[in-house]
Amino acid sequence: MTIQKTADLIRQSERICILTGAGISSESGIPTFRDKQTGLWENHRAEDLANINAFHRDPKFVWGWYQWRRGQVADKRPNPAHHALADLEKWALENSKTFTLITQNVDDLHEQAGSTATHLHGHLWRNKCSECGQAYEGELDYADDALLTCPNCGGWVRPDIVWFGENLPKDAWVLAEQASSQCDVFMSIGTSSLVYPAAGLSQLAKQCGATIVEVNPNPTQSPHIDVMIEEKAGVALPEIINAL
Ligand code: OAD
C-alpha cells in the first residue's frame with residue numbers, strides 16, 4: 001500500500017529529491033553509525049575521531065582509524081537499494097523529471113551503481129591537507145597507517161570528510177537546499193535524521209510543500225513524515241521502481 005502510494009507520488013511529481021544515509025549501505029555490509037551493537041559509534045566515540053581537534057591531538061590514531069575503515073569498505077558493492085535509485089534516476093530522465101540524489105555517505109556505492117550523487121559529508125577515498133586544504137592526489141595503501149605529509153606545506157594529510165564542527169562543502173549544500181525546497185516529493189532513506197544540517201532538509205522540503213516519504217526499518221518518528229515505509233531500503237526501493 002505505501003509502496004504503491006510512493007510510486008504514484010513519484011509518477012505525479014515533476015521534481016524528485018532523495019536523501020540517503022548510512023542505512024542504505026548497511027545491506028552492502030557497511031556498518032551504520034548509530035545502530036545498536038553494529039554501529040560504528042557504538043565502539044568508538046565520534047568526538048574522539050570525527051573532529052579536527054582529535055586529529056590535531058592524535059593524528060596517527062584518527063588517520064589509522066580511517067585507513068582501517070577504508071579497508072573495511074574497499075570490497076563492498078552496491079546493493080539492490082543503490083541499483084534501484086540508479087534505475088529511478090534513468091526513469092526520471094526518460095520522463096523529463098528533475099531528479100536529485102543527495103547523500104550523507106562517504107562511500108561511493110551510489111556512483112558504483114551508476115548514480116550521480118551530491119555528497120554532503122565528503123568522500124572516504126579522497127584526502128586533503130589538514131593545514132592548507134590542498135587535495136592530496138598521491139597513491140594510497142590503506143593497509144599502511146603511516147601518516148602522510150602535504151607536498152605543498154608539509155602539513156598532515158587527512159581524509160576529505162566533513163567532521164563535526166566543520167562546514168559542509170558550499171556547492172553541495174546550496175544544491176541540496178535548492179533541490180529540497182523545490183521538490184514535489186522528498187524521500188529520506190536510511191538516515192536517523194539526527195545530524196544537522198542534513199537532517200533539516202526534509203523539514204525544509206515539507207515547509208515548501210513537498211510530500212515526505214521515509215524508508216527505514218526503525219522509523220525516526222519525525223512528525224513531518226507523510227508516508228512511512230517501515231522496511232529495509234534494499235527491499236522497498238526495488239518494489240517502488242517495479243510499481244512505477
Ligand atoms: P545513522 O547510523 O545515524 O542512522 C542509520 C539509519 O539507517 C538508522 O535510522 C537505521 O534504522 C537505518 N537503517 C539501518 N538499516 C537500514 C536498511 N537496510 N534500510 C534502510 N534504513 C536502514 O546514519 P546517518 O543518519 O547516515 O557523518 O548518520 C548521519 C551522519 O552521522 C553520517 O553521515 C556521519 C555520522 O557521524 C559523517 O561522517 C560526517
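As the structure lists them, so they are numbered: ligands from 1, and atoms in each ligand from 1. Just so we're clear, the structure is a prediction, and the values are computed from it rather than from any experiment. Scope of the values below: all heavy atoms of this structure, side chains included, with no hydrogens, waters or symmetry mates. Position 1 is the first residue of the sequence, and the numbers go up from there.
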Original post:
Going by the order shown, which atoms of ligand 1 are within less than 4.0 Å of some heavy atom of S26?
Top reply: 15 (N), 16 (C), 17 (C), 18 (N)

Original post:
N53: what forms a side chain to side chain donor-acceptor pair (under 3.5 Å) with it, not counting sequence neighbours?
Top reply: none

Original post:
Does any N/O atom on T191 come nearer than 3.5 Å to any N/O atom on ligand 1?
Top reply: yes

Subject >> Atoms in ligand 1 flagged as close to Q104, the criterion being non-hydrogen separation under 4.0 Å >> reply: 29 (C), 33 (O)

Original post:
So, does A50 sit close enough to ligand 1 that a heavy atom of it is under 4.0 Å from the ligand?
Top reply: no

**OP:** Give a yes-or-no answer on whether the side chains of S115 and H82 include a donor-acceptor pair shorter than 3.5 Å.
**Re:** no

**OP:** Can you sort out which atoms of ligand 1 are near F164, meaning under 4.0 Å from one of its heavy atoms?
**Re:** 36 (O)

Subject >> Connected-component partners of I189 among ILVMFWY, side-chain separation under 4.5 Å >> reply: I3, L9, I10, I16, I18, I24, L85, L88, W91, F99, L101, V185, M187, V213, V215, V227, I229, L237, I240, I241, L244

Subject >> N or O pair under 3.5 Å between H121 and ligand 1 >> reply: yes

Subject >> Sub-4.0 Å atoms of ligand 1 with respect to non-hydrogen atoms of G190 >> reply: 5 (C), 6 (C), 7 (O), 20 (C), 21 (N)

Original post:
Do we see a donor-acceptor contact under 3.5 Å between the side chains of R70 and Q67?
Top reply: yes

Subject >> P217, any N or O under 3.5 Å of ligand 1 N or O >> reply: no

Original post:
N/O of V162 under 3.5 Å from N/O of ligand 1, yes or no?
Top reply: no

